[in-house]
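Inspection log for the structure reproduced underneath, given as structure tokens.
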Amino acid sequence: MITIRRAIGLLNKLGVTESINGKGTKVLSIAEGRKKIRWIEPSVRKSIMTYFYALHIFAISCTSVAKALFPRIDKERLAFLRKELLAAKESGYTEAVCGICFSILLENSNLSAICEIYLRLQDLLLWGYPLIFIEPRLQVDDYVDMLVEGIDNRDERLFAGGLEQIVRAIFVSSRTKIISVGIDAAKNVELPVLPPVS
């Protein structure tokens, strides 16, 4: 169990918040947070690796999960998903694409074990927030186009393939960023090689 004080302390170290004596705690902008992150803190390093391990599981399993759940999404929710994906692409906030996809995929699933595991993984992915402070920002527009094309054609293979490429790109980018701040444990976490597309 983590206390509120310890949680706020960790958020301060992660560059998400700043505690101000006698006033309280404020949420920091990305620009402010970039200056406050304490990469050498053991609690920050542990949180970043927790994120990375969750992302690793996502990257390894997302294709199968997406293929299984995509056909269960009704036409109305697919239209909503399409709209949300295009809005994320237009705004340049493609980091949100995976969360958008899995929110819709999971809400339409009766596979309770998958839902429980993936909801927990999504929670753990929040620990990766400080990585947005490190350039470059991820560009996955082509893969978002694959997702949209998969939706338009009701093609779970195309949709799952686009999602897999996005998650893999996030993984590779995150791994590079984590290693760049001196968290060498990320060097030991790799993805299996994809089989050639036939």
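In what follows, residues are counted from 1 in the order of the sequence shown. These numbers were taken from a predicted model, which means no experiment stands behind them.
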**OP:** Could you tell me whether E116 and R120 make a salt bridge, using a distance below 4.0 angstrom between a side-chain N and a carboxylate O?
**Re:** no
Original post:
With a 4.5 Å heavy-atom cut-off, do I178 and M49 have their side chains touching?
Top reply: yes
**OP:** Just jot down the side chain to side chain contact (heavy atoms under 4.5 Å, CB included) partners of E149, sequence neighbours excluded, or say none.
**Re:** N153, L158
Original post:
CE/M146 to CG/D141 distance, rounded to the nearest 0.5 angstrom?
Top reply: 13.5 Å
Original post:
Do the side chain of S64 and the main chain of S61 share a donor and acceptor less than 3.5 angstrom apart?
Top reply: no
Subject >> Between R72 and N110: side-chain donor-acceptor atoms closer than 3.5 Å >> reply: yes
Subject >> Side chain to side chain, K36 and E18, heavy atoms closer than 4.5 Å >> reply: yes
Original post:
Does D184 pair with K187 as a salt bridge, N-O distance under 4.0 Å?
Top reply: yes
**OP:** Determine yes or no for a side-chain-to-main-chain donor-acceptor pair under 3.5 angstrom, with R82 supplying the side chain and I151 the backbone.
**Re:** no
Original post:
Given side chains that start at C-beta, do those of Q122 and S103 come closer than 4.5 Å, heavy atoms only?
Top reply: yes
Subject >> Point-to-point distance, once rounded to the nearest 0.5 Å, from CD1 of I104 to CG of L81 >> reply: 5.5 Å
**OP:** Look at atom CD of E32 and say whether more than 12 heavy atoms of other residues, nucleotides or ligands are closer to it than 6.0 Å.
**Re:** yes
Original post:
With a 4.5 Å heavy-atom cut-off, do L147 and I166 have their side chains touching?
Top reply: yes
Subject >> Criterion side-chain contact (heavy atoms from CB on, under 4.5 Å) on E76 and F80, from CA distance to verdict >> reply: CA-CA 6 Å; E76 183 180 297; F80 175 78; over 6 Å; no
**OP:** Indicate yes or no: does E135 engage K177 in a salt bridge with an N to O separation below 4.0 Å.
**Re:** no
Subject >> CZ-OG1 distance between F159 and T63, expressed to the nearest 0.5 angstrom >> reply: 11.0 Å
**OP:** Tell me, please, which residues at least two apart from Y118 pass ring pair (Phe, Tyr, Trp, His ring centres under 6.0 Å).
**Re:** F58, F102
Original post:
Are the charged groups of E41 and K46 less than 4.0 angstrom apart, N to O?
Top reply: no
Original post:
Do L105 and L163 have side chains that get closer than 4.5 Å, going by heavy atoms?
Top reply: yes
**OP:** Using atom types as modelled and distance alone, determine if a side-chain donor or acceptor of H56 lies under 3.5 Å from a backbone N or O of E190.
**Re:** yes
**OP:** Please step through side-chain contact (heavy atoms from CB on, under 4.5 Å) for the pair R45 and I48, ending with a clear verdict.
**Re:** CA-CA 5 Å; R45 297 167 86 79; I48 293 294; 5.8 Å; no
Original post:
Got a donor-acceptor contact below 3.5 angstrom from the R168 side chain to the A59 backbone?
Top reply: no
Original post:
How long is the span from the CG atom in L106 to the CD1 atom in I73, to the nearest 0.5 Å?
Top reply: 9.5 Å
Original post:
Taking side chain as C-beta onward, heavy atoms only, is P130 less than 4.5 Å from Y51?
Top reply: no
